Asks: 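Okay, here's the structure, questions in a sec.
Everything numeric in this text was worked out from a predicted model, so none of it was measured. Per chain, numbering begins at 1; letters A, B, ... match sequence-line order.
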Amino acid sequence: MSILVDRTTRVLVQGITGQAGSFHTQKMLEYGTVLVGGVTPGKGNTQVHGVFVFNSVAQAREATGANATVIFVPARFAYGAVLEAVEAGISLIVVITEGIPTLDMVRVRRKIQGLPIRLIGPNCPGIITPGACKLGIMPGYIHKPGTIGVLSRSGTLTYDAVYQLTAAGLGQSTCIGIGGDPVLGSGFIDLLQLFETDPQTEAVVLIGEIGGTEEEEAARWIAAHMTKPVFAFIAGRMAPKEKRMGHAGAIIAGGKGTALEKITTLREAGVTVIESPAEIGATVSQRLRHVASSTHRACS
Amino acid sequence: MKLHEYQAKELFASVKIPVCRAAVATTPEQAASVYETLRDQTSTDPFVCNVKAQIHAGGRGKSGGILIARSAQEACDQAESLLGRRLVTKQTSSEGLPISAVLLEERMEITQELYLALTIDRFQASPVILASRRGGMDIEEVAATDPSAILHERFDIFEGPTPATLARIPSGLGLSGALADQCRDILCGLWKLYESHDASLIEVNPLIVSPDGKLIALDAKVLLDDNALFRHPDLAKLRDESQEHPLELKASRIGISYVGLEGDIGCLVNGAGLAMATNDIIKLCGGGPANFLDVGGGANVEQVAHAFRIILADSRIRAILVNIFGGIMRCDWIAQGLLNATQELQVRIPIVVRLQGTNVEEGRRLLTQAQRLNLVSAEELSEAAKKVVELAQRS
């Protein structure tokens with residue numbers, strides 16, 4: 001088990017003929033993802049790395065039975081691309097594209113409200129269920145199948161964390177980058193819910209950063225509903241106010257969204273907050289071993 | 001992207017949000033003639049106006065950035081005392097920001113000061129109006145000490161503010177009759193402006209009630225969504241690069257995210273989250289990062305070389321930490337970029353390099369050949385951070 005994607009996920013790539021789309025199509029194929037088609041308007045009936053290209057998502061879905069899409073189209077066309085996937089009835093939409101106007105994302109969120117659609121991103125590395133399916137741009141080889149769920153607003157910091165987990169002998173159930181933009185398709189809470197009910201997932205690592213209140217809201221949800229252990233790292237303690245730290249969403253605005261505020265709220269919710277980004281793997285490994293051995297003692 | 005107050009007020013006027021009689025000047029002589037023009041439009045005698053420094057930061061009033069002029073000569077003198085100087089406020093760095101324009105504005109009598117803003121509620125993914133009776137002061141302070149004094153009204157992006165929303169805000173602000181009508185018009189104007197210009201924040205602080213019963217935007221703050229500037233080429237032209245940190249500006253032109261910090265350890269990282277985390281771990285180890293730098297996921301050798309040049313241009317730097325997790329970015333490209341950037345420069349400061357991920361062996365091999373550089377390699381992030389802090393303290 002895992003969440004959102006597995007071996008049965010049938011994936012489309014929107015923007016497959018672009019540089020990033022084509023490059024990552026090859027990488028996803030190498031990982032073993034079931035890529036059933038690509039979409040680029042006006043470039044139908046061609047092939048990219050052996051994947052058939054369609055002119056529209058609707059055509060692609062009808063021909064292939066795709067149930068997920070990963071979007072690489074440029075920011076100015078991304079709104080249209082997402083709506084096209086929504087209208088074609090694709091239930092899992094992952095948007096890798098960086099630089100989408102915030103109001104476009106607000107409009108998208110309004111459009112999918114109440115629909116059975118899971119939107120991930122934008123400005124994210126995507127989703128991977130190690131050994132089964134990769135929908136995104138993360139380096140596949142650092143992952144290993146296992147029981148840790150990983151949620152993050154970042155890309156390379158997540159790779160580093162996953163690398164540490166794998167090195168500590170901890171595999172992952174599913175890893176999801178929710179994205180670095182201010183308005184996101186899915187938040188931490190949506191995905192924590194899925195990890196909480198996923199039998200394979202034993203613990204969750206949550207990697208947050210400054211800006212917004214995503215982490216604080218997650219903390220409230222965790223305190224009320226989460227039974228599995230949650231570990232967190234929050235990036236940006238050193239970030240000055242009112243400065244955008246790379247990600248469009250990583251900004252302390254109006255005094256809100258500081259790392260300290262997030263760390264405090266998460267700790268109060270019972271989350272183990274890790275101080276150093278270099279200690280993520282080691283901390284999770286120690287704590288889980290500790291829990292396992294104390295459980296063992298309790299039973300013996 | 002930030003706009004100046006005078007630019008924001010021009011946008012306000014275009015959607016009929018009332019602003020004071022005002023005009024901008026860039027020289028003392030121009031300030032004098034602007035004063036005369038404004039004076040001739042009114043019957044008040046003597047005509048009193050504010051001379052407001054135009055910088056991309058608040059807190060100007062308390063820092064001597066807003067002066068008063070009662071004559072053309074005074075307008076000229078006050079403008080002269082502001083123009084060309086740098087203004088330091090509690091919202092700027094210790095270096096302050098350069099004043100290259102002043103706004104001369106009719107001075108208003110104030111009966112009441114209110115606060116009004118429009119932004120996006122990120123978590124709810126919805127536009128939200130913020131309003132408070134406690135205008136004219138630092139709204140962050142109000143939010144921290146008395147959050148109930150700020151009204152939040154979310155509305156649907158496709159419908160715009162509904163009549164019910166438009167009724168609740170003025171009533172929450174204690175406005176009735178003609179003032180409530182004006183408030184509703186202002187709210188509609190704000191939303192029209194926000195939506196059509198892809199703003200990320202519009203703030204009116206204070207929105208004043210004048211003695212003759214009018215609502216007027218006394219200050220105006222507009223932030224635009226950088227990601228949407230491609231559909232507003234006219235607005236992109238309003239960017240004032242003199243208000244930006246020179247290295248941040250240089251970096252942004254070549255697609256690198258850079259933010260200057262206060263320390264002495266230069267940082268070169270790929271990815272925004274990892275770059276923030278690298279700053280954090282340096283601090284944890286007792287050092288101070290001089291910058292946040294995200295070279296980007298898809299950067300090439302040349303971009304990496306540019307990033308090094310930007311870091312090396314900062315005279316405070318005593319050591320550099322390169323922290324790369326190669327995913328899409330290949331470690332050998334980083335190594336090659338480092339070699340290219342340092343080829344023409346005599347770089348003596350120590351550089352700690354931590355490479356991990358794609359093509360790491362090739363990257364490390366390239367670096368071992370660079371005898372002329374003071375390179376220290378590290379495999380783990382904590383080890384790299386400890387080393388760089390130690391080297392910065394020693395050099």
Asks: Look at A:I137, A:L157, A:I189 and state which one has the largest set of heavy-atom pairs under 4.5 Å with chain B.
Replies: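 Highest number of heavy-atom pairs under 4.5 Å: A:L157.
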
Asks: Quick one: do the A:N123 and A:H247 side chains pair a donor with an acceptor below 3.5 Å?
Replies: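 Not at all, the side chains of A:N123 and A:H247 share no donor-acceptor pair under 3.5 Å.
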
Asks: Looking just at side-chain N and O atoms, do B:E203 and B:Y115 make a donor-acceptor pair shorter than 3.5 Å?
Replies: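 B:Y115 and B:E203 do have a side-chain donor-acceptor pair below 3.5 Å.
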
Asks: With a 4.5 angstrom heavy-atom cut-off, could you sort out which part of B:S382 is near chain A: side chain, backbone, both or neither?
Replies: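 Contact with chain A involves both backbone and side-chain atoms of B:S382.
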
Asks: I'd like to know whether B:E379 forms a salt bridge (charged side-chain N to carboxylate O under 4.0 Å, His left out) with B:R354, so could you lay out the CA-CA distance, the side-chain angles of the two residues, the decisive distance to 0.1 Å, and finally the verdict.
Replies: CA-CA 6 Å; B:E379 287 197 15; B:R354 184 251 179 172; over 6 Å; no

Asks: Using a strict threshold of under 4.0 Å (side-chain N to carboxylate O), is an ion pair present between A:E275 and A:R267?
Replies: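 Answer for the salt bridge query: yes.
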
Asks: For atom NZ of B:K386, decide whether the heavy atoms of other residues, nucleotides or ligands shown that lie under 6.0 angstrom number more than 12.
Replies: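 No, NZ of B:K386 has 12 or fewer neighbouring heavy atoms, counting only those of other groups under 6.0 Å.
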
Asks: Contact part of B:D138 toward chain A, heavy-atom cut-off under 4.5 Å: side chain, backbone, both or neither?
Replies: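 Contact with chain A: none, neither part.
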
Asks: Name the region of B:A277, side chain, backbone, both or neither, that has any atom closer than 4.5 Å to a heavy atom of chain A.
Replies: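 B:A277 touches chain A through backbone and side-chain heavy atoms alike.
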
Asks: Under 3.5 Å, is there a donor on one side chain and an acceptor on the other for A:T102 and B:D225?
Replies: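 The criterion, which ignores hydrogens and geometry beyond distance, is satisfied for B:D225 and A:T102.
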
Asks: Taking A:K111, A:R76, A:E209 one by one, which has the highest count of heavy-atom pairs under 4.5 Å against chain B?
Replies: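 The option with the most such pairs is A:R76.
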
Asks: Nearest 0.5 angstrom please: B:D198 CG to A:L103 CG, how far?
Replies: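 B:D198 atom CG to A:L103 atom CG measures 5.0 Å (nearest 0.5 Å).
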
Asks: For chain B, find which of A:G180, A:G249, A:A75, A:A20 contributes the most heavy-atom pairs closer than 4.5 angstrom.
Replies: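 The candidate making the most pairs under 4.5 Å is A:G249.
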
Asks: Could you have a look at B:G357, B:P127, B:G288, B:C285 and say which one has the most heavy-atom pairs with chain A under 4.5 angstrom?
Replies: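 Greatest number of close heavy-atom pairs with chain A: B:G357.
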
Asks: Do other residues, nucleotides or ligands put more than 12 heavy atoms under 6.0 Å from B:E262 CD?
Replies: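 At most 12 heavy atoms, drawn from other residues, nucleotides or ligands, come within 6.0 Å of this atom.
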
Asks: With a 4.5 angstrom heavy-atom cut-off, is it the side chain or the backbone of B:F325 that approaches chain A, or both, or neither?
Replies: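 Both parts, backbone and side chain.
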
Asks: Do B:E248 and B:S257 have side-chain N/O donor and acceptor atoms under 3.5 Å apart?
Replies: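 The answer is no; no qualifying pair exists.
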
Asks: Between A:M138 and chain B, which part of the residue has a heavy atom less than 4.5 Å away: side chain, backbone, both or neither?
Replies: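 For A:M138, neither part sits under 4.5 Å from chain B.
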
Asks: Is it the case that more than 12 heavy atoms not belonging to A:E98 sit under 6.0 Å from its CD atom?
Replies: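 Atom CD in A:E98 is not crowded, with 12 or fewer foreign heavy atoms closer than 6.0 Å.
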
Asks: With a 4.5 angstrom heavy-atom cut-off, could you sort out which part of B:Y194 is near chain A: side chain, backbone, both or neither?
Replies: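 Contact with chain A is through both the backbone and side chain of B:Y194.
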
Asks: Select, from A:V108, A:D104, A:V106, the one with the greatest count of heavy-atom pairs under 4.5 Å involving chain B.
Replies: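 Result: the option with the highest number of such pairs is A:V106.
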
Asks: In terms of heavy-atom proximity below 4.5 Å to chain B, should A:R237 be classed as side chain, backbone, both, or neither?
Replies: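 A:R237 touches chain B through backbone and side-chain heavy atoms alike.
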
Asks: Which bit of A:K241 comes within less than 4.5 Å of chain B, counting heavy atoms only: side chain, backbone, both or neither?
Replies: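 Just the side chain, heavy atoms under 4.5 Å.
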
Asks: Can you tell which part of A:R244 gets under 4.5 Å to a heavy atom of chain B, answering side chain, backbone, both or neither?
Replies: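 Answer is both: backbone and side chain atoms of A:R244 are under 4.5 Å from chain B.
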
Asks: Check the side chains of B:N323 and B:T278 for a donor-acceptor pair under 3.5 angstrom, ignoring hydrogens and angles.
Replies: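 Looking only at side-chain atoms, B:N323 and B:T278 do form a donor-acceptor pair, the distance falling under 3.5 Å.
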
Asks: For B:L284, is it the side chain, the backbone, both or neither that has a heavy atom under 4.5 Å from a heavy atom of chain A?
Replies: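 Only the side chain of B:L284 comes within 4.5 Å of chain A.
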
Asks: Who among A:P139, A:G236, A:G187 has the most heavy-atom pairs with chain B under 4.5 Å?
Replies: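 Looking at each of A:P139, A:G236, A:G187 in turn, A:G236 comes out on top.
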
Asks: Looking at B:E380, B:Q356, B:Q91, which one has more heavy-atom pairs under 4.5 Å with chain A than the rest?
Replies: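 Between B:E380, B:Q356, B:Q91, the count favours B:Q356.
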
Asks: Which of the residues A:R107, A:R109, A:K243 is involved in the greatest number of heavy-atom pairs with chain B at under 4.5 angstrom?
Replies: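 Among A:R107, A:R109, A:K243, the one with the most close pairs to chain B is A:R107.
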
Asks: Checking B:R122 against A:T213: is there a side-chain donor and acceptor pair closer than 3.5 Å?
Replies: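 Checked: A:T213/B:R122 side chains show no N/O donor-acceptor pair below 3.5 Å.
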
Asks: Among B:G273, B:A144, B:A228, which residue has the highest count of heavy-atom pairs closer than 4.5 Å to chain A?
Replies: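 Top option by heavy-atom pairs under 4.5 Å: B:G273.
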
